[in-house]
Protein chains: 2
Amino acid sequence: MGGRTTRQRKAVTRALAGCQDFMSAQELYALLVAGDHAIGLTTVYRALRELETDGGVDVVRDETGGRLYRLRPADGHRHYLMCRDCGRSRPVDSEVVEEWAGRIAAATGFTAVEHTVELTGVCADCLARTDGGRPSGHEGEKPPCRWDRGPGLQGPVHSCAS
Amino acid sequence: MGGRTTRQRKAVTRALAGCQDFMSAQELYALLVAGDHAIGLTTVYRALRELETDGGVDVVRDETGGRLYRLRPADGHRHYLMCRDCGRSRPVDSEVVEEWAGRIAAATGFTAVEHTVELTGVCADCLARTDGGRPSGHEGEKPPCRWDRGPGLQGPVHSCAS
DNA sequence: ATAATTGCAAAGGGTTTGCACGAAG
DNA sequence: CTTCGTGCAAACCCTTTGCAATTAT
């Protein structure tokens, strides 16, 4: 289950630990490489899949279906509310939903019931940044602050690759 | 918004109407072609995306991230519990979750909050069919009754393509 | 020593796009 | 007529796999 402790796997976990947001395999790869960590894209994919299997990460899918990973808190899996503009995510209290899922399972006779619950929206900051909602007329131009960190990695993300 | 009423679009909607389960674009395409409806795969993709935009279908993603479509009931969107073995799905009562999502939105200052809620499990039939769970030792062989309909389309699905 | 891990390059596979033809309004 | 829709083939792009070299234990 555990597997060997390699430089690469440590780097992936460390990168994840430094990010408070969900990251794709490609993003993590870019981050690592930019941070002078020699690693192959394939290895990143494999490390993440392993982490997923071992329950080390929470996973959501982007609009395209691609997987986004975030280190799972020590106290178990969480659900998140993610900003569609900037990509920042925060865990939300989801007891109600967990219970609901349990009730459904019991009521339907289904076993091994698993649930996927994802919330997305526009955070206050992004709403403000885009002129309060709809005016100005340049809808499609919302600069995704998630990528505002830049292709080169400034801001909070810096700590990911370090 | 509506678009033109073409033979192909009618066929796609009709195929969906005949299916009680979630179907992928490829599946619908296969169904239509097998049912003697001349149509291009591309067209199926486009028709489904349009339906999705117009809110005509509910969408979930399969394990690979691919989209699965199901005609949305007239009274609004629903959430579903789907069997991981046979693929059959049933709408579940999700008021609790809708309310929860609303509360989260209010509490966090996020706007335009959208939610994705999917439940999967193993239905009673499939559980029985696979020897009650784990014995017998041939784990990986669960015959997906979803595909039991066969590559050639027997059973309830027949009505899809008709 | 020995089996797991890495990483490149190539394969894979579902979805989208370019573009000329055809059909709807 | 004029615009929108269609469908083929090619392009995309993320992800996985084959396989020889490398590394942890």
Side-chain angles (χ1 to χ4, degrees), chain A residues 1-16 22-54 56-57 59-70 87 140 144 146-147 151 161, chain B residues 1-16 22-54 56-57 59-70 87 140 144 146-147 151 161:
Chain A
M1 213 177 253
R4 291 180 180 174
T5 304
T6 65
R7 171 177 57 77
Q8 292 88 337
R9 291 183 184 177
K10 273 186 277 193
V12 169
T13 303
R14 194 174 173 196
L16 277 170
F22 281 92
M23 307 288 287
S24 71
Q26 308 253 7
E27 289 166 355
L28 283 165
Y29 170 69
L31 228 40
L32 288 164
V33 170
D36 282 315
H37 292 254
I39 194 171
L41 177 56
T42 305
T43 303
V44 175
Y45 274 107
R46 285 193 279 233
L48 289 173
R49 266 211 301 177
E50 219 167 275
L51 278 170
E52 185 176 355
T53 302
D54 299 354
V57 288
V59 185
V60 300
R61 341 274 311 222
D62 62 21
E63 49 306 328
T64 328
R67 285 171 147 71
L68 302 180
Y69 303 86
R70 175 172 169 154
R146 175 154 199 220
W147 306 129
Chain B
M1 214 177 253
R4 291 181 182 173
T5 304
T6 66
R7 172 177 56 76
Q8 292 89 337
R9 290 182 185 180
K10 273 185 276 193
V12 169
T13 303
R14 194 174 172 196
L16 276 170
F22 281 92
M23 307 287 289
S24 71
Q26 308 253 6
E27 289 167 357
L28 284 165
Y29 170 69
L31 228 39
L32 288 164
V33 169
D36 281 317
H37 291 256
I39 194 171
L41 177 55
T42 306
T43 303
V44 176
Y45 274 107
R46 285 192 278 232
L48 290 172
R49 265 209 299 176
E50 219 166 274
L51 278 170
E52 185 177 355
T53 301
D54 298 354
V57 289
V59 185
V60 301
R61 343 267 319 214
D62 63 18
E63 49 309 323
T64 329
R67 286 169 146 71
L68 302 180
Y69 303 85
R70 174 173 170 154
R146 175 158 199 215
W147 305 126

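No hydrogens, no waters, no symmetry mates; every other heavy atom, side chains included, goes into these values. Reminder, nothing fancy here: chain letters follow the sequence lines and each chain counts from 1.
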OP1 or OP2 of D:dT15 under 4.0 Å from side-chain N/O of A:Tyr45: yes
Quick one: does B:Arg70's side chain get under 4.5 Å of B:Met23's, heavy atoms only? no
When the distance from CG of A:Asp62 to C1' of D:dT15 is rounded to whole Å, what number comes out? 13 Å
Could you tell me the separation between the CD atom of A:Glu50 and the P atom of C:dA4, rounded to a whole number of Å? 12 Å
Send over the distance from A:Gln26 CD to D:dC12 P, rounded to a whole Å. 16 Å
Between D:dT15 and A:Arg49, is there an OP1 or OP2 to side-chain N/O distance shorter than 4.0 Å? no
Can you tell me how far OG1 of B:Thr13 sits from CD of B:Glu50, rounded to the nearest 0.5 angstrom? 9.5 Å
Please write out the pairs of protein N or O atoms and N or O atoms of nucleotides 18-24 of chain C separated by less than 3.5 Å, giving the distance to one decimal.
unit_1	atom_1	unit_2	atom_2	d
C:dA24	N3	B:Arg4	NH1	3.2

Here the distance between atom C1' of C:dG7 and atom CG of A:Leu41, to the nearest Å, is 10 Å
Which is more 5' along DNA chain C, the nucleotide nearest B:Arg67 or the one nearest A:Ile39? Just name the residue. A:Ile39
Return the value, rounded to whole Å, for the distance between atom OH of B:Tyr29 and atom P of D:dT6. 14 Å
Side-chain donor-acceptor pairs under 3.5 Å in residues 39-48 of chain A, sequence neighbours left out?
unit_1	atom_1	unit_2	atom_2	d
A:Tyr45	OH	A:Gln26	NE2	3.1

Rounded to the Å, how far apart are B:Leu68 CG and C:dT15 P? 9 Å
Between C1' on C:dT16 and CD on B:Glu52, what's the gap in Å once rounded to a whole number? 14 Å
Give the angle between the helix axes at the two ends of the helix from C:dA1-D:dT25 to C:dG25-D:dC1, taking five base pairs at each end and rounding to 10°. 40°
Separation of B:Leu48 atom CG from C:dG14 atom P, in whole Å? 15 Å
